[in-house]
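Note: hydrogens, waters and symmetry copies are ignored here, and every other heavy atom, side chains too, is used. The sequence lines fix the lettering, A, B, ..., with proteins before strands; numbering per chain opens at 1.
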Number of protein chains: 2
Amino acid sequence: MRNPRADSVIQVKGDRQPSEGRPKRQRNARGQGARLTEDIVSGALALIEREGTDEAVTLRAVAREIGIAAPSIYAHFPDRATIMLAVVARVFDELTQAILQARAVAGDDPVERLVAGCEGYVAFGLRGPARYRVLFSERRLGLDDSWRDYCEPFEIGPDGSPVLAFGAESFALLVQALSECIASGRSRSTDAMADSTAIWVALHGTVSLKTAAPGFPWPEPDDFVRQFVLRLARIMPEPPT
Amino acid sequence: MRNPRADSVIQVKGDRQPSEGRPKRQRNARGQGARLTEDIVSGALALIEREGTDEAVTLRAVAREIGIAAPSIYAHFPDRATIMLAVVARVFDELTQAILQARAVAGDDPVERLVAGCEGYVAFGLRGPARYRVLFSERRLGLDDSWRDYCEPFEIGPDGSPVLAFGAESFALLVQALSECIASGRSRSTDAMADSTAIWVALHGTVSLKTAAPGFPWPEPDDFVRQFVLRLARIMPEPPT
DNA sequence: GTTCTTACTTTACAACCGTTAGCTCATCTG
DNA sequence: CAGATGAGCTAACGGTTGTAAAGTAAGAAC
């Protein structure tokens, strides 16, 4: 059994330059090198939205996207995982803004504000399914502590990863909205944390399943969301007169 | 600007045989060739559970896993997507069995049966997060009609893909369980379909988020599930005497 | 004007991947 | 026993990826 174990490789192949195809990006000015860091994150995000999956984010693909050479990324990020972490941080920020904006146009009624925020969450997710998916799909494996240098200083979970620390801001908005309903006597919830968690779970499930199974006979989204939010938030059937 | 466009490649590399490392699988008997089809699906599933992601399923990895040569797969599946489809079909089947089993030990009370099925769903998901994830993460793209030859004959969605046809069985169990609660006067739901959808969405969200964010302060799972199922199913506070 | 430094490139390597073409070898059929 | 056929193999092509090493262009500092 002659096993050609010695995998000898002679490869005479040149990588394509970044200049071909894509518009070549012009070099940053002297002090502005950090600007490329932002562009890398933007490029990765654009790639995700265009291709529909985060698997499209490879160092080379990102480099092509923004018109630089692949190894140039190493000056800004140590590896792919850290790029993705920065992407996640940015998308969580966008999510928080979307919720705040939806809530802002909802008036003063605490229940309406709660519902509006939830509808905003779902609308955000459905507006960019791939972008939303990265929030909770990152296997944060093989990721050392260097993420601290590239993201805001978040708290660390018990397993040493930044886990939900990212979503904390959005989740806090939800807890706060429910608490206001409780305080104003509109909800008979006795555990804002647990009930917020239930709402969050349902919101996430809605986005996740609606994008994964578009063929399912889904009810009209806003009313569907409203109905389950009211029940999970233990909103009273009749407002107190 | 001399651009070495002509990417001439001289590659003198031999692939590794499947025999090295892995235990070489012994050839199937004459009529039993189809047995490898099952083994390929099992191998892909094992790979998913071990590596934690379906990205680990490459033709070569599956071949290594079960001790065959990569090209041998082509006699059984035309491409990776079809293998994944068969995996999804099998996992959905496992899910249905898990729900049925959980329900079987729940006694006769329709509410308890509903809750037990839901807890079974969540327990199944948490028992094998990667396995569960494939159910709803497959981008069914670039997948021609040949899936019909490898899975049970499912209905086709409006976009020509088998989409939710897979989960239909599990979902039907849920609708049925809720309908029994309605019929026995324990639920005041007037739309079993919509309320089942809400429950499904919450169940999926629970599994998805609990595995994605294990660092979050999750409530005890069974009670958490029971609480939101009762509310979403519009179960009466007091059983009728 | 020389030197230093920043912000990148180019080139190359080693390891994967899917897929094709053609081969081997045991077993069943006549 | 001859031949067909099923079941799986080897070898190879052309492509992808991450990443190391070394090179270069332009502006700032002296």
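- Donor-acceptor pairing under 3.5 Å is lacking for the side chains of A:Ser42 and A:Asp39.
- In this structure, A:Leu59 atom CG and D:dG18 atom P are separated by 4 Å, rounded to whole Å.
- Close to D:dT16, at under 4.0 Å from its OP1 or OP2, lies no side-chain N or O of A:Arg64.
- Whole-Å rounding puts the B:Ile66 CD1 to D:dA7 P distance at 14 Å.
- In this structure, the nucleotide among D:dT19, C:dT19, D:dG8 sitting nearest to the side chain of A:Tyr74 is D:dT19.
- Atom CD1 in B:Ile73 sits roughly 14 Å away from atom C1' in D:dA7 (whole-Å rounding).
- Annotation: of the two residues near DNA chain D, A:Pro71 and A:Ala61, the 5′-most nearest-nucleotide partner is A:Ala61.
- One atom, CZ of B:Arg35, and another, C1' of D:dG6, lie 14 Å apart when rounded to the nearest Å.
- With rounding to whole Å, B:Glu55 atom CD is found 13 Å from C:dG18 atom P.
- In this structure, A:Ile40 places its CD1 atom 15 Å from C1' of D:dG18, rounding to the nearest Å.
- Taking atom CD1 of residue B:Ile83 and atom C1' of nucleotide C:dT19, one finds them 13 Å apart after rounding to whole Å.
- Across B:Gly52 and B:Arg133, no two heavy atoms sit closer than the pair O-NH1, 3.0 Å.
- Nearest nucleotide to the A:Ile68 side chain, out of C:dT9, D:dT17, D:dT10: C:dT9.
- With sequence neighbours left out, the ring-ring contact (aromatic ring centres under 6.0 Å, His included) criterion links A:Tyr132 to A:Tyr121, A:Phe136, A:His204.
- When rounded to the nearest whole Å, the span between CG of B:Asp79 and P of C:dT20 equals 11 Å.
- Note on A:Thr58: only backbone sugar-phosphate atoms sit closer than 4.0 angstrom, heavy atoms only; bases stay farther off.
- The stretch residues 93-104 of chain B participates, sequence neighbours left out, in these salt bridge (charged side-chain N to carboxylate O under 4.0 Å, His left out) pairs: B:Glu94-B:Arg131.
- Residue A:Arg60 places its side chain closer to D:dG18 than to any other of D:dG8, D:dA12, D:dG18.
- Aromatic ring orientation, A:Phe224 versus A:Trp218: perpendicular (interplanar angle above 60°, classes split at 30° and 60°).
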